[in-house]
Amino acid sequence: MATAAFTASLGHPSEIYALLKYKLTTSDAVTKYTTLESITAKKDSPEYSYQMCYYFLNKTSRSFARVIQELHPELCHPVCIFYLTLRGLDTIEDDMTLDNKVKLPLLRGFDKIMYKKGWTFKESGPNEKDRILLVDYDVVITEFLKLKPKYQVVIANIAKRMGNGMADFCEGKKVKTVADYDLYCHYVAGLVGIGLTGLFSESGLESASLTESEYLQNRMGLFLQKVNIIKDYLEDWKDGRSFWPEEIWGKYVWENAGLGSLSKPENINDALACLNELCVNVLKLAPDCLEYMAKLKEPSVLHFCAIPQVMAIASIALFFNNNVVFTKGGLKIRRGLAVKLIYEATTFDGVKEVFKKYALDIARQNSLRVGKNPKDESFMPISEACSDIVRWINKHDVVAGTNKKKERERQEFIAMIVMALVGAITSFCMIQFFKWVKTWEA
Ligand code: D61
Ligand code: MG
């Protein structure tokens, strides 16, 4: 798997460099509890539930585990427990084998369940990917109850709102209009942004004024969730569900044909036109996400928030007008690129550069395809959404960061040359050595 990441980045040396750097600098804290064997505490010791929570964090999240563990120590544990709580809730929501008679009371009552010492749930479907979390959920509750009450309040409040929102959609509410789409995404991801903001502010590391309006906090989550929903079109469709709003896809399918018809090869022009309209809808969120991140003060909080955001904008640049969304599905940016983005998201200047780069990239792709798809009317809206991103960034200058970036790139270039030289010299010496051994044998 690791080799595959390197192979995929072979044509991009700066990604190879980033991958190596990432591998070599992973802190022990992040890889401490990744397997059951690494759990050193006895079952009845207070350390056990703590270690198990980090085991579950590493087990249930590929993308968030590392960033959460690199947060400021005051926030790391509350955010970890916040994540596990909502992942538990989501595992119930996603489970298509559960009867609504079982599912709805769990979702609607989750903010009470969270306080029940020893509560576990063993009835998840056998294929539910995070079912083990619920099987041993008591460890999450134990750790939740150890958190400072101010953090517990934030987490329980979000679980209540999210659980009830999810239940509304399980009960029959459908994602028909764009407003429904926004509401669903608010429940499952916007509320995460709102809860995280509450935790940041309660910690004292971020200003209390960050919590004033839920609008920007919500948009942070919407941006991430909508990118996920676009990516998962094929997978969700095969699982018999869909989150794409009919108000949009309805324009691109024949009456009664359904969203599935977009995956048929003969409908590719309709499918791409639909996809591009969804991309407009996502891109419009980006300036608000930048606005939110501009307010952050603590570096580890900024990095934590920025990483998913830069991944999201790079992903849209990949999905835009891309038929693979409909033919193969599961489109992901290269691991090497993801790691490179992680480094670029360290400062807000870096974040602005990344957003600008992808906004311009999408605008360029957009202008190259103009006139090629008669079904597609998103040319102007895409162009406008990209311009709005660039305009926001130009207004909040990026000049100061450019020199720093040049300098960093220069250093990385030198580092790469050094690595190449070391590699070449090592191989040369080895070859000489083996030749020498051969002559001895003879
Ligand atoms: C700053 C930093 C991180 C942020 C943020 C702001 C705002 C929102 C989010 C993270 C959440 C983004 C979620 C995007 C991925 N979508 C999912 O995982 C879907 O489930 C949503 C419900 C559970 C959310 C649990 C969660 C996720 C990330 C967190 C967190 C809680 C707590 C702290 C930090 C990050 C998706 O899951 C399917 C899947 O497994 O891929 C679904 O069911 O639709
Ligand atoms: Mg879900």
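Note that ligands are numbered from 1 as they come in the structure, with each ligand's atoms numbered from 1 the same way. Predicted, not measured: the structure shown is a model, and the values here were computed from it.
- Of all atoms in ligand 1, listed by their number and element, those nearer than 4.0 Å to a heavy atom of Ala189 are 8 (C).
- In this structure, OD1 of Asp90 and OE1 of Glu93 enclose an angle of 100° at the Mg ion (ligand 2), rounded to 10°.
- Ligand 1 has no N or O atom lying under 3.5 Å from any N or O atom of Asp232, backbone or side chain.
- Per-residue contacts place Asn228 under 4.0 angstrom from the following atoms of ligand 1 (heavy atoms of the residue considered): 15 (C), 16 (N), 17 (C).
- The pair Asp270-Lys375 counts as a salt bridge, with a side-chain nitrogen and a carboxylate oxygen less than 4.0 angstrom apart.
- For the residue pair Tyr292 / Thr197, a side-chain donor-acceptor distance below 3.5 Å is found, with atom types taken as modelled.
- Between Phe82, Phe304, Phe223, it is Phe304 that holds the heavy atom closest to atom 34 (C) of ligand 1.
- A salt bridge links Arg108 with Glu171: the distance from a Lys NZ or Arg NE/NH1/NH2 to an Asp or Glu carboxylate oxygen falls below 4.0 Å.
- Applying the 4.0 Å criterion to heavy atoms of Cys305 picks out, from ligand 1, the atoms 1 (C), 2 (C).
- Scanning the protein heavy atoms around atom 10 (C) of ligand 1, the nearest turns out to be Leu224 CD1, 3.7 Å.
- Listed by number with element, the atoms of ligand 1 under 4.0 angstrom from any heavy atom of Val192 are 8 (C), 9 (C), 10 (C), 11 (C), 29 (C), 30 (C), 31 (C), 32 (C).
- Annotation: atom 4 (C) of ligand 1 to nearest protein heavy atom, Leu196 CD1, 3.6 Å.
- By the neighbour-count criterion of 12 heavy atoms within 6.0 Å, atom NZ of Lys146 is densely surrounded, having more than that number from other residues, nucleotides or ligands.
- Ring-centre distance between Phe200 and His72: not below the 6.0 Å cut-off.
- Of all atoms in ligand 1, numbered sequentially from 1 with element shown, those under 4.0 Å from a heavy atom of Gly221 are 7 (C), 8 (C).
- In terms of distance to the Mg ion (ligand 2), the nearest N, O or S atom of Asp94 is named OD1.
- Crowding of Lys174 atom NZ: a count of heavy atoms from other residues, nucleotides or ligands under 6.0 Å not exceeding 12.
- Listed for the Asp361 side chain is no donor-acceptor partner under 3.5 Å among the backbone atoms of Lys357.
- The aromatic ring centres of Phe326 and Tyr233 sit less than 6.0 Å apart.
- At distances below 3.5 Å, not a single donor-acceptor pair connects side-chain atoms of Lys59 with backbone N or O atoms of Thr35.
- Among Val301, Asp90, Val188, the residue whose heavy atom lies nearest to atom 24 (C) of ligand 1 is Val188.
- Protein heavy atom closest to atom 18 (O) of ligand 1, with residue, atom name and distance, is Arg87 NH2, 2.9 Å.
- Here the protein heavy atom with the shortest distance to atom 28 (C) of ligand 1 is Phe64 CE1, 3.5 Å.
- Just one residue in the list Asn269, Asn276, Asn321, Asn366 forms a side-chain hydrogen bond (donor to acceptor under 3.5 Å, both in side chains) with Asp376, and that residue is Asn276.
- Looking only at heavy atoms of the protein, atom 17 (C) of ligand 1 is closest to Gln225 OE1, 3.6 Å.
- Each of the following atoms of ligand 1 lies closer than 4.0 Å to a heavy atom of Gly193: 7 (C), 8 (C).
- In summary, the side chains of Ser14 and Lys340 do present a donor paired with an acceptor at a separation below 3.5 Å, with no hydrogens or angles considered.
- Protein heavy atom closest to atom 25 (C) of ligand 1, with residue, atom name and distance, is Leu86 CB, 3.8 Å.
- Regarding atom 30 (C) of ligand 1, its nearest protein heavy-atom neighbour is Tyr83 CD1, 3.4 Å.
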Review point. Going through the checks in order, is the ring pair (Phe, Tyr, Trp, His ring centres under 6.0 Å) test met by Phe110 and Tyr137?
Key: CA-CA 12 Å; Phe110 210 76; Tyr137 197 77; 5.7 Å; yes
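- Taking every heavy atom of Asp94 and a limit of under 4.0 angstrom, the matching atoms of ligand 1 come to 43 (O).
- At least one heavy atom of Lys129 sits less than 4.0 Å from an atom of ligand 1.
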